[in-house]
Amino acid sequence: MTQSVWGPAQQEMADLLGNHPDDVPGVVEQLRELQAILTRVPPLLGENPLCDFNKLYLTITEGVLERLYAGKFKDPAFLSRLDVEFAARYFDALRAWAGAGSSPRCPQVWTALFTRIPGPDCRPLPSACAGVNAHINFDLPFALVTTFDHLGRDPIDDSDQHHDYLEINEIFAESIPGLRRGYLEKWQLLIDMMNGCLDDWWQGEAIEYTRNVAWRNAQKLWGVRHDMAATDRERTSLDNTAAGVNKLLLSPLGAFLQ
């Protein structure tokens, strides 16, 4: 990529991505700064499709931070580390997309969304869903493996760590209605009101299912974590699958989500 990736916000983006948050407050602050920068990236500015995902991600992470402060998690060290590792993969993808330094190739699943930054127009809800798909279906399993490895624990069902992991689903459930309606136009809000809680319910179910799959994929990756060839094969497979979903979400067909 060239220096024009982020347009006049190039230096601000470079400065931001030069930071590596090491705690949840740091992640929240970096996501807030990123949101402000993204709204100044031409030509779409505030309608930049990455803004739609980053807004959602920021809201969920703020919810995580609130629960950490409130002592809601059984293993706060695990949840904090997971949040940092999870965010690092999003920021790494942005660095790779901009071709910063010796960054590796940007994953296909993120490329599918990043290529829409200069246009053409992409509907807000599918854009947000594409970012969620990339971050959960591709990034999350690897963030879990790195977190468990760092803490010297195993990804075991019904453990304190699994309990805290599932607790995040509650944050999504609380946040989804307001977030989703923020992506809708007035006539769509009318239809949404007629549907009652149906749309909120199925999107909550979709998030829960997707995060459960990510946990299972992390357990699979955990078993081959010392086999680099096997890990690379799994990485490629997960990237290809998630990228296929994003191409659909960002296609004209995906606009029906809106």
Side-chain angles (χ1 to χ4, degrees), residues 1-62 64-65 83-140 142-143 146 179 182-183 235 239 242-243 245-247 249-251 254-255:
M1 305 302 293
T2 67
Q3 280 286 330
S4 62
V5 170
W6 306 112
Q10 176 69 32
Q11 188 57 54
E12 288 178 276
M13 186 66 79
D15 292 342
L16 176 79
L17 295 179
N19 297 323
H20 296 75
D22 57 6
D23 56 23
V24 182
V27 171
V28 168
E29 181 60 28
Q30 188 144 330
L31 288 171
R32 286 174 179 165
E33 292 178 13
L34 177 58
Q35 187 72 15
I37 294 172
L38 289 173
T39 62
R40 296 196 293 275
V41 174
L44 300 180
L45 305 178
E47 296 181 1
N48 180 331
L50 190 55
C51 285
D52 300 313
F53 165 68
N54 198 78
K55 174 185 175 183
L56 183 153
Y57 187 25
L58 172 58
T59 299
I60 299 301
T61 309
E62 287 173 334
V64 171
L65 183 59
D83 193 273
V84 170
E85 293 290 347
F86 193 34
R89 279 150 182 79
Y90 174 44
F91 295 128
D92 284 347
L94 286 166
R95 292 184 193 98
W97 175 247
S102 57
S103 298
R105 178 183 63 84
C106 185
Q108 294 182 68
V109 66
W110 281 115
T111 296
L113 179 58
F114 293 164
T115 53
R116 305 303 289 266
I117 291 173
D121 178 47
C122 191
R123 307 300 291 169
L125 187 55
S127 297
C129 289
V132 169
N133 170 61
H135 211 26
I136 294 180
N137 281 325
F138 181 67
D139 290 340
L140 185 52
F142 295 100
T146 305
L179 284 167
Y183 298 130
R235 179 179 289 105
D239 191 13
V245 172
N246 266 7
K247 288 177 183 178
L249 287 170
L250 298 171
S251 71

Checklist outcome for this item: The reported gap from CG in Leu31 to OG1 in Thr59 (rounded to nearest 0.5 angstrom) is 10.0 Å
Checklist entry - Quick one: does Leu140's side chain get under 4.5 Å of His135's, heavy atoms only? => result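 No. Closest side-chain heavy atoms not under 4.5 Å.
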Checklist entry - Ignoring hydrogens and geometry, is there a side-chain-to-backbone donor-acceptor pair from Arg116 to Pro49 under 3.5 Å? => result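 Between the backbone of Pro49 and the side chain of Arg116 there is no qualifying donor-acceptor contact (under 3.5 Å).
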Next on the checklist: Let me confirm one number: the CG-CG distance from Leu113 to Asp52, rounded to the nearest 0.5 Å.
Outcome noted: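 Reported to 0.5 Å precision, the distance equals 9.0 Å.
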Checklist entry - Parallel under 30°, tilted from 30 to 60°, perpendicular over 60°: which one fits the rings of Phe53 and Tyr90? => result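 If you compare the ring of Phe53 with that of Tyr90, the planes turn out perpendicular.
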Item to check | Heavy-atom closest pair, residues Ala128 and Leu56 | outcome: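 Nearest pair, atom of Ala128 first, then Leu56: CB-CD1, 4.3 Å.
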Item to check | Any donor-acceptor N/O pair, Asp83 side chain to Asp23 backbone, under 3.5 Å | outcome: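 No; zero donor-acceptor contacts below 3.5 Å.
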Item to check | salt bridge (charged side-chain N to carboxylate O under 4.0 Å, His left out) between Asp92 and Arg95, worked out | outcome: CA-CA 5 Å; Asp92 284 347; Arg95 292 184 193 98; 2.6 Å; yes
Item to check | side-chain contact (heavy atoms from CB on, under 4.5 Å) between Ile37 and Leu16, worked out | outcome: CA-CA 9 Å; Ile37 294 172; Leu16 176 79; 4.1 Å; yes
Checklist entry - Between Asn133 and Ala242, what is the shortest heavy-atom contact and its length? => result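 That closest heavy-atom pairing would be ND2-O, 2.9 Å.
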Item to check | Distance-minimising heavy-atom pair for Phe114 and Ala93 | outcome: CE1-O, 3.5 Å
Checklist entry - Distance from Ser127 atom OG to Lys55 atom NZ, nearest 0.5 Å? => result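 Those atoms lie 12.5 Å apart.
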Item to check | Closest contact, heavy atoms only, Val27 versus Ala87 | outcome: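 Result for this residue pair: CG1-CB, 3.6 Å.
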Next on the checklist: Taking His20's backbone N and O only, do any of them form a donor-acceptor pair with Gln30's side chain (distance below 3.5 Å, no angle check)?
Outcome noted: no
Item to check | Residues Leu34, Phe91; criterion side-chain contact (heavy atoms from CB on, under 4.5 Å); working and verdict | outcome: CA-CA 10 Å; Leu34 177 58; Phe91 295 128; 4.1 Å; yes
Checklist entry - Is there a donor-acceptor pair closer than 3.5 Å between any side-chain N or O of Asn246 and the backbone N or O of Trp110? => result no
Next on the checklist: For a side-chain contact (heavy atoms from CB on, under 4.5 Å) check, start with the C-alpha distance between Trp97 and Leu17, then their side-chain angles and the critical distance, and finish with the verdict.
Outcome noted: CA-CA 11 Å; Trp97 175 247; Leu17 295 179; over 6 Å; no
Next on the checklist: Nearest 0.5 Å, please: how far is CG in Leu65 from CD1 in Ile60?
Outcome noted: 13.0 Å
Next on the checklist: Given 3.5 Å as the limit, does a donor-acceptor pair link the side chain of Arg40 with the main chain of Ala36, or not?
Outcome noted: yes
Next on the checklist: How long is the straight-line distance from CD of Glu12 back to CG of Leu38, given to the nearest 0.5 Å?
Outcome noted: 10.5 Å
Next on the checklist: Nearest 0.5 Å, please: how far is CG in Asp239 from CD in Gln108?
Outcome noted: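 Those atoms lie 5.0 Å apart.
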Checklist entry - How far apart are the C-alpha atoms of Val41 and Leu50, what are their side-chain angles, what is the distance that settles it, and do they pass the side-chain contact (heavy atoms from CB on, under 4.5 Å) test? => result CA-CA 10 Å; Val41 174; Leu50 190 55; over 6 Å; no
